[in-house]
2 protein chains.
Amino acid sequence: MSTYKLVMGGRTMRAGSSDARALYERVADALRIAIEREELKPGDMVPPEQELAELHSVSRQTVRQALQQLTNEGLLTSGRGRGRKVRSQTRLHWQLSSYESSTRHSVEGDAWNTDVREQGHEPRQDVTVNIDTPSQKIAQRLQIDLDEPVVVRRRIRYVDDMPFQLADSYFPMDVAEGTLLMRPGDVSTPGGILASIGHAQKKLLDEIQIRMPSKEESDQLNLPAGSPVAEHIRTGYNEAGKPVRVMVSIIPGDRHTLVYELEPK
Amino acid sequence: MSTYKLVMGGRTMRAGSSDARALYERVADALRIAIEREELKPGDMVPPEQELAELHSVSRQTVRQALQQLTNEGLLTSGRGRGRKVRSQTRLHWQLSSYESSTRHSVEGDAWNTDVREQGHEPRQDVTVNIDTPSQKIAQRLQIDLDEPVVVRRRIRYVDDMPFQLADSYFPMDVAEGTLLMRPGDVSTPGGILASIGHAQKKLLDEIQIRMPSKEESDQLNLPAGSPVAEHIRTGYNEAGKPVRVMVSIIPGDRHTLVYELEPK
DNA sequence: CAGTGGTCTAGACCACGCT
DNA sequence: GCGTGGTCTAGACCACTGG
């Protein structure tokens, strides 16, 4: 019936052509083009696998391979029983160069809250406080030993009640002990707090790595398959050059644009 | 024969357990753990699909699903006829906050070259120069119309002869015309050049987005499946506040750590 | 040319979300 | 309960790479 098939049960080929694109890539292309042309808009349902299989005269597995590729590219959502949707692509801007600037702090929380509100959304942060021994990664940046305890403030940040990023701050014991930093909840701002206890951050070192999320991060942030994250590690130093804080943020790529404003000398 | 199988041709389940992890996830876990424990080291060959299928008593397709997941996480390479290997994870540091700083320029090229050499590798850049009309994205940042021509310097940057990143610079015609910027090849540094023609960059705006690469980017950079990239857009402004350059870099996540040093006020 | 990964089919059952 | 996606099998042929 189909003009495509020349061989049953094996590799199908197009008549008069030696090879060209795989079948599943042709199915993927068709959908990609439909999305580009906005025939399928963000939020729209993608036709069921069975329907696409019949439409393109291929097996359901082949359709699945195409859909998998598109999901990996971040174009589609997936989920048992739910059907597939075209993903929306709104991004929140996060001003990392002014994040610790005192002018952006308020009684309403830290600079991140301000950023979110300015963009017309509602921020929320869940903070838990622990005392723990540091990982290699943290100990090295705080310049302490692996058995020296640190105070950890673990944040999950929400926007409009959707989980949006993870941000864990680590403080050396001698900096945090007996201060507001030991208090759970969204207590004003770390930048502000650090300054108020005599450890204003005079220098910041930001390291950014791009990678796929771990299973755990993926679950906590409710990430779709194939959605990359940035791991942002900020180390803050006080006037004496001592590291007083390390913040590790896991930032879903599809929901953020990171922004730095620089004035080179 | 296998204690795992209760149902033929359908979902297999473990005796005494209601559900738990899928078979392909168990196969993936086994390999992930072997890699973590360095029983499989970067460069090592992964056992053939057939062998893994027999080892875990599953079908080859199920093994493939596990291998696909690991490849998407950037842990394995793939390739027809070649077998699979454990990928190495070296990352290059890129100092973005001092990238335009005049002290890091030399006759050997721009600050990127310096960064790479300091980390013990050999940089190379292929540069082509074009005159083109800008995309929406570029025109908006250069504050020009869509029909005003721009000078485009397209770079492919190599490290040890491997393609490493794409970096395209866009200049307004009135800035670039009749200057070194029109010359192809690796002509010293854009920061340096811009200063020498009276358009030193006094302010920089960096925007970073994390996403999956397009097919084209993936091919140009020879990226493995499932490897995310950062799209880094730097807009440079001269003393008068006029945008004089936009640089768009496509940065493979698994090969880079981006670094910013900041001194908050 | 042998061995490996890449693509494809046909059919089956399971688990989840919704109405 | 129906429809959707998720998992799995068994078997087949193709295409590339390397000895």
Side-chain angles (χ1 to χ4, degrees), chain A residues 1-2 4-14 17-29 31 44-54 56-72 76-86 222 224-226, chain B residues 1-2 4-14 17-29 31 44-72 76-86 224-226:
Chain A
M1 56 172 297
S2 162
Y4 289 151
K5 297 190 190 170
L6 294 181
V7 183
M8 275 297 296
R11 174 78 183 267
T12 51
M13 319 192 75
R14 260 141 292 97
S17 163
S18 62
D19 195 4
R21 291 175 85 68
L23 285 183
Y24 79 91
E25 287 190 299
R26 303 180 135 248
V27 176
D29 283 350
L31 284 165
D44 286 358
M45 299 298 295
V46 176
E49 298 175 357
Q50 190 55 242
E51 194 176 310
L52 289 171
E54 285 162 19
H56 293 94
S57 306
V58 297
S59 77
R60 187 178 153 226
Q61 284 298 342
T62 302
V63 168
R64 277 181 67 72
Q65 209 175 342
L67 293 170
Q68 173 100 48
Q69 192 177 77
L70 296 174
T71 306
N72 281 355
L76 304 181
T77 68
S78 70
R80 207 163 220 157
R82 261 174 296 157
R84 303 177 120 103
K85 274 196 288 193
V86 179
N222 198 11
Chain B
M1 57 171 296
S2 161
Y4 289 152
K5 298 190 188 169
L6 294 181
V7 184
M8 274 299 296
R11 176 75 182 268
T12 51
M13 319 192 75
R14 260 142 292 98
S17 163
S18 61
D19 195 3
R21 293 176 83 70
L23 285 183
Y24 79 90
E25 287 191 297
R26 303 180 135 247
V27 176
D29 284 349
L31 284 165
D44 286 358
M45 299 297 296
V46 176
E49 298 175 357
Q50 188 56 44
E51 194 176 310
L52 290 171
E54 285 162 19
L55 179 63
H56 293 93
S57 307
V58 297
S59 78
R60 188 177 154 228
Q61 283 299 342
T62 302
V63 167
R64 278 182 66 72
Q65 208 175 342
L67 293 169
Q68 172 97 46
Q69 192 177 78
L70 295 174
T71 306
N72 280 357
L76 304 181
T77 67
S78 70
R80 203 162 222 157
R82 259 174 299 157
R84 305 177 118 102
K85 274 197 287 196
V86 179

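Below, chain A is the first sequence line, B the second, and so on; all start at residue 1. In what follows, every heavy atom counts, from backbone to side chain, and hydrogens, waters and symmetry copies are set aside.
Atom CG of L31(A) sits about 6.5 Å away from atom NE2 of H56(A), to the nearest 0.5 Å.
Atom pair Q68(B):CD and dC8(C):P shows a separation of 13 Å (rounding to whole Å applied). Between K85(A) atom NZ and dC18(C) atom C1' the separation is 13 Å, expressed in whole Å. Going from atom CD of Q69(A) over to atom P of dC8(C) covers 11 Å, rounded to whole Å. Following rounding to the nearest Å, L76(A) (CG) and dT4(D) (C1') show an atom-to-atom distance of 15 Å. Atom pair Q50(B):CD and dA2(C):C1' shows a separation of 15 Å (rounding to whole Å applied). Rounding to whole angstrom units, CD of residue E49(B) and P of dC13(D) are separated by 18 Å. The CZ-P distance, from R80(B) to dG5(C), rounds to 12 Å in whole Å. Taking atom CD on E25(A) and atom C1' on dC8(C), their separation rounds to 14 Å, with Å as the unit.
The side chain of R64(B) contributes an N or O atom lying less than 4.0 Å from OP1 or OP2 of dG6(C). Between T62(B) and dT7(D) there is no side-chain polar atom (N or O) within less than 4.0 angstrom of OP1 or OP2.
Across dC8(C), dG5(D), dG5(C), the shortest atom-to-atom separation from the side chain of A22(A) is found for dC8(C).
With a 4.5 Å cut-off on side-chain heavy atoms, L70(A) and V46(A) do not count as touching. Using a 4.5 Å heavy-atom cutoff, the side chains of T77(B) and R82(B) are not in contact. The shortest side-chain heavy-atom distance between L55(B) and V63(B) does not fall under the 4.5 Å cut-off.
The residue among R82(A) and R60(A) whose nearest nucleotide of DNA chain C lies closer to the 5′ end is R60(A). Residues Q61(B) and V46(B) each lie close to DNA chain C; by heavy-atom proximity, the contact nearer the 5' end of the strand is made by V46(B). Residue-to-nucleotide proximity on DNA chain D shows that, of P47(A) and Y24(B), the 5′-proximal contact is made by P47(A).
Among the atoms of the strands shown, only primed sugar atoms or phosphate atoms (P, OP1, OP2) are found under 4.0 Å from some heavy atom of Q65(A). Here R84(B) lies in heavy-atom contact (under 4.0 Å) with sugar-phosphate atoms only.
Inspection of the Q50(B) and E54(B) side chains reveals an N or O donor paired with an N or O acceptor under 3.5 Å.
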